[in-house]
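Since we're looking at a predicted model, the values are computed, not measured. So that the names make sense, note that chain A is the first sequence line, chain B the second, and so on, each numbered from 1.
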Amino acid sequence: MSVKTRTRRDILGTSALRPDAVPKVQGKFAFSSDLWAENMLWGATLRSPHAYARIVSIDTTAAWKIDGVECVLTHEDVPGKPTYGLIASDQPVLARDFVRYMGEPVVLVAGDHPETCRRALAAIKVEYEVLEPLVDPEKSIDLSVPPIHPDGNLIRRQQIIRGDQSLIGEVVVEGNYELGMQDQAFLGTEAALALPDPGGTGVELYVATQWLHEDRGQIAACLNLPEDKVRLVLGGVGGAFGAREDISLQVHSCLLALRTSRPVKMQYSRQESFFGHVHRHPARIWMRHHATKDGRLLRVEARVVMDGGAYASTSSAVLINAVTHVQGPYKCEHATVDGYAVRTNNPPCGAMRGFGVVQACFAHEGQMDKLALACGISPVDIRLINAMETGDRLITGQTILNSAPVAQCIRETAEIPMPPNMTNDTDVLAIPGGSGLTATPSKIRRGIGWGVSIKNLMYSEGFDDFSTARCTVEDGRVSLKFATSEVGQGFVTLAPQIARTVLGLDEVFIETIDTGIGSAGSTSASRQTWMSGGAVNGACKLVATNIIAEVAKMRGLDPSTLQIQGTDIVDLSGNAVESVVAATKGKRFSETYEFHHQPTGELDENGQGDCHTAFAFVAHRAVVDVDPDLGLVKVVQIATAQDVGRVLNPLSLLGQVEGGIAQGLGLAVMEEIIVENGRVRNPSFTDYLLPTALDAPDVIARYVEVPDPYAPLGAKGVGEPPCISVTPAIVAAIRDATGVDLLRVPVRPQDICL
Amino acid sequence: MSLENQSYTLRVNNKSLDVQDAWIGESLLYVLRERLGMPGAKGACEQGECGSCTVLLDGEAVCSCLVLAAAATDADIRTVESIGDGQTLSDVQQAFVESGAVQCGFCTPGLIVAVENLLTHNPRPTEMQVKEALSGNICRCTGYGRIFDAVSVAVARRTGVSQ
Ligand code: FES
Ligand code: FES
C-alpha cells in the first residue's frame, strides 16, 4: 500500500511526518541507552537464580575488593519504602528474606566498567535455602499452598452474574483455551542515567518509561525524598508495549547514584530484560456459549484464570479487562463469569498491548467459530447476527454510548480481496518452511479465519484519569509542553498537528518531556490520542480564544464574530481580518489545560457497574498456508477494518495497524516465554522467536470513520485493537486449513502435525 | 580498571581513531558507542539476532556486537554516521522518513545500513530479496510494511523508475 505523505499544512487528517524521524535515521537520536555523563559509573543487578528460595545470607565482601567497584547495595541500603508496585506496593526494591521469582533483584553494584560490574556480581555470595515453587495457578486459587507472599496467593477474584443463571441454549458449545506468556520484546532494553544532586538532596533521572509521574512517586517513596526532589526526564524510548509501565531499574539507578555521588547508568542486556519487566499474563479460560439454533448468542459462561506471577503489578486490572470482555463485540444478555488473578512463583506479569482483552478474545472467538459450526452458518454470519451496536448493554450492565460499528467493520473486512492462490511460481520464501525447502507445495493447505474484538480505551474502575498540557504562543510560534511519553507511537507527530489545526500556526515546538508539568498519565490503554490529545487540544483552544480576544480588543470588534480559519483570523463572512502569525507578533499567550475523560465506576460483587469509559472495535480476516507434515505456518494476508472514529494521521495509523498485527501474529504462531517449574528457559532473541521481515503478512487495512461523540478529536485510540483479534483469526485459519481443534497459542508445529 | 587492557587503532568512516587502554573483551559495538562517541549502532540482543548493531566491515554488513573491536584493527569500518553527509539525508534515509518506516527508531540505524548495503550489491532487488536481506533486522514496532515501502521508494528513486 502506498501512502500520500505530504500536504501543504501538516494539520489533523494529513500524513504529517515524525519530527524525530530525521535524527533517528541518522543514528543521532539519543535513546536512554545512548546517554553518557562525565565521571559516570555503570550499575548492575544480581538476580535470583531460583524461582522460590529463602535468603540465608548475603556476603558482598569479595565484590567490594574488586578494583573499580564503587558501591555494593542490598535491601539494608534502601532508605525509604522497601517495596514498590503499580497498584499494590508488594515488590521489594531488593529482596530481603525471600526471592519469589527467577530473576528477582537481590544486590546492586556500581563500577567503572560493565565488565567490572559483571565480575563483582560473580563475586557476591548469596546463600539460599531453595524452596518448592508454587507454579500451578489452581493451587493459588484453592489455597492449598501456604502464602508465598504476605499479601496472599490470590490477587483478585471477580465474578460477573447477570440475567438468567439457569438458561440453557438450544445450541451449547464449550472449550478450554490457553495462552502462553508473551514478551513485549521492545527493541531498546531498559536503560537509565541517574544524576545525583550535590549533597544527595535529590536526583535527576533520564529514563525510558511510559509514565514519568507514576515512576516519580514510587521512586521518591523508596528513596525517602520529597517528590519535588526527584525529577524525571524522558530518555529516548525504544518501544514499550506495556513493559515500561512498571518500575524496573528506576529506583536502583537512583540508589546507586545517590550513594556514590556520581552519575550512574544502567542498561539491561537482552537476557536481563526478559527478567527485568513484566510479561503478558498466561491464561487458562473455559467458556460455554448458549445460543438459539439460528445462532443468536444468549448466555456466556466463563472461568478465567490469569497467572500474575510473583508480584501483583497490574494483574487486578488485567483481570477486570478479561472478565468484562468475555462476550466479545456481541449482544449477550445473560452471563456467569468467574475470574481469578493469582500469585505464583512464575515471572511477574502485567501490562502488554491488549491488556487482558487479548486473552478473552482468543477464547470468545474460538467459541464463535464453534457456534457457527454447530448452527451451520458461516463464521462471518455468526458474527454479523450478534454484532453489538450503540445502545447495547454489556454483561456488566453498562450501556455502550460510543460509536460501535461492529457490523460495518466485519462487512468492510469481508470486501477486501483475497490473496492470489499459491502457484508453481510462488517464491519458496513465501511458503511454509521457507528457504528450508521442507514443504511439498502440492500438499500445502490454505485456510481462512476470522476474529473480531471489542477493547476498552483508557483507564477503568473509577480511576481519575487525566492528562495535562500547556500551549504557549509567542511571535507566531507555538510551543507545547506535556509529560506524555513518546515510545514510538507518534504523539510527537500528533500534538503539533492538533496545534496547527486549532491555532492556524505552522511552527510548533515540543518542549522537553519531563515532570516539569502535571501528569499525562501512562502511554498505554490506547489512551494518549484521546487524553493527551484532548489536553493539547484544550490548551490550544484556550490560547486561540485569548488571541481572538486580543485582536477583537485592538480592532474594536466583538470577539464572538471572529474565529481562526486556516492560518487567518476571519470574521463572520469569512473575510480575513489578520493572519494568526501577524496577530501574535510581539505577544505571548500561554494556557495550561487538564483533560479528564468521562468518569467510570466500580464493579459490584456481581460484576455490575459502568467500569469502562469508551470502546473501540476491529475485525480481522487471516489467510494462512500450512504445511501439515511439519506443522509450519505462513500467514499470507491479514485483512482488517478498524473502528477509529476519525483518521488523524493515515501514515501513523497504518504503522500502528501493521505493527500490532505483527505482534498478534507473534502470539499466534511464534512467541512464548517457556517457563518450567518457575524457570525461564528461553530468555534470548535466539530462543524467543519474533516475527521477521519474512514472517510479515500482507496487510490490507480499511478504517471505519464514525466520529465518537465523547472523543475530544472524534478519534478513538488505535494502538491496541490491531493486535487483539488477529491472533484468533490466524488460529481459526490454521484450524480451517488442518481440521485440528487448536485451543492454545502460540500454535506450535507439534500441535498441528502430531 | 585493572583488567586485561590494550591500546589499538580502528579505521572508522575513513578516520583513524585511537582506542586507549581498553579491555580486550570489548565488542566493536561497545567501543564505537562508549569509547569513540558513535552511538548510532544500537545493541538490542548482543547475540547476532536483531541487526540493530549492523555496521559495514570491509563492505560487508556484520553484527558489531559479535566482532571483537581489538580484532578489527585492519578493517574498513563504516557506521550509520557515515551515511548521508551529516546534513542532508541519503535517499534511503529520506525514504524511511517519508514512508513512515520509523516508529521508536531503535531498529532504524541498523536497517539503514542493511538497506544501503543491499542496494549497493543489488540495485533492483525483488520483493522477496528485500525481505530476505532484511530478515536479520528485527523491528518490533512497524510490522515491516512501511520499511518495505521505504525500500521500494528508494529503489525507484535510485534507478529512476517510477513506482
Ligand atoms: S545487538 Fe547485535 S545483532 Fe542484536
Ligand atoms: S521502529 Fe521500533 S523497533 Fe523498529
Output a table of donor-acceptor pairs, distance under 3.5 Å, between side-chain atoms of residues 683-690 of chain A and any protein atom two or more places apart or on a different chain; print 'none' if there are none.
residue, atom, partner, partner atom, Å
A:Ser684, OG, A:Thr686, N, 3.2
A:Ser684, OG, A:Asp687, N, 3.2
A:Ser684, OG, A:Asp687, OD2, 3.4
A:Thr686, OG1, B:Gln47, OE1, 2.8
A:Thr686, OG1, B:Glu49, OE2, 3.2
A:Tyr688, OH, A:Asp183, N, 2.8
A:Tyr688, OH, A:Asp183, O, 3.4
A:Tyr688, OH, A:Glu671, OE1, 2.7

Measuring heavy-atom distances to chain A, does [X] have an atom under 4.5 Å in its side chain, in its backbone, in both, or in neither?
X	value
B:Ser135	both
B:Gln87	backbone
B:Phe106	both
B:Ile83	neither

Heavy atoms, side chains only, cut-off 4.5 Å: are [X] and [Y] in contact?
X	Y	value
B:Ser52	A:Leu187	yes
B:Thr142	A:Glu658	no
B:Glu4	A:Glu115	no

For this session: Using the side-chain contact (heavy atoms from CB on, under 4.5 Å) rule, pick out the option among A:Lys24, A:Gln489, A:Gln656 that qualifies with B:Gln103.
Result: A:Gln656
Exercise. Taking the inter-plane angle between the rings of B:Tyr30 and A:Trp42 on a 0 to 90° scale, is it parallel (under 30°), tilted (30 to 60°) or perpendicular (over 60°)?
Worked result: tilted
Exercise. Going by the angle between their ring planes, with limits at 30° and 60°, are B:Trp23 and A:His113 parallel, tilted or perpendicular?
Worked result: perpendicular
For this session: Could you give me the CA-CA distance, side-chain angles and deciding distance for A:Gln26 and B:Val80, then say whether side-chain contact (heavy atoms from CB on, under 4.5 Å) is met?
Result: CA-CA 6 Å; A:Gln26 292 177 312; B:Val80 69; over 6 Å; no
Exercise. Are more than 12 heavy atoms from other residues, nucleotides or ligands located less than 6.0 Å from atom CG of B:Asp85?
Worked result: yes
Sort [X] into side chain, backbone, both or neither according to what part of it lies under 4.5 angstrom from a heavy atom of chain B.
X	value
A:Val22	both
A:Phe241	side chain
A:Gln184	backbone
A:Ala240	neither
A:Asp427	side chain

Problem set entry | CD-CG distance between B:Glu132 and A:Leu694, expressed to the nearest 0.5 angstrom | 6.5 Å
Problem set entry | Short side-chain to backbone donor-acceptor contact, A:Arg270 and B:Ala44, under 3.5 Å | yes
Problem set entry | Check: B:Arg33 side chain, A:Ser33 main-chain N or O, donor-acceptor pair, under 3.5 Å | yes
Most chain A-contacting option - heavy-atom pairs closer than 4.5 Å, from [options]:
options	value
B:Gly105, B:Cys50, B:Gly40, B:Ala101	B:Gly105
B:Pro39, B:Gly51, B:Gly84	B:Pro39
B:Gln94, B:Glu81, B:Glu46, B:Glu34	B:Glu34

Seminar exercise, completed: Closest non-hydrogen atoms of B:Gly143 and A:Ala696, given as atom of the first, atom of the second and distance, are O-CB, 3.6 Å
Exercise. Looking only at heavy atoms, which two atoms of A:Phe31 and B:Lys42 are closest? And how far apart?
Worked result: CD1-CE, 3.6 Å
Problem set entry | Best-contacting candidate, A:Thr692, A:Val69, A:Asp698, against chain B by heavy atom pairs under 4.5 angstrom | A:Thr692
For this session: Could you check which of A:Pro722, A:Gly238, A:Gly434 has the highest count of heavy-atom pairs closer than 4.5 Å to chain B?
Result: A:Gly238
Exercise. Hey, is B:Glu98 close enough to A:Arg18 for a salt bridge, meaning N to O under 4.0 Å?
Worked result: no
Problem set entry | Residues of residues 61-69 of chain B near chain A, each having a heavy atom less than 4.5 Å away | none
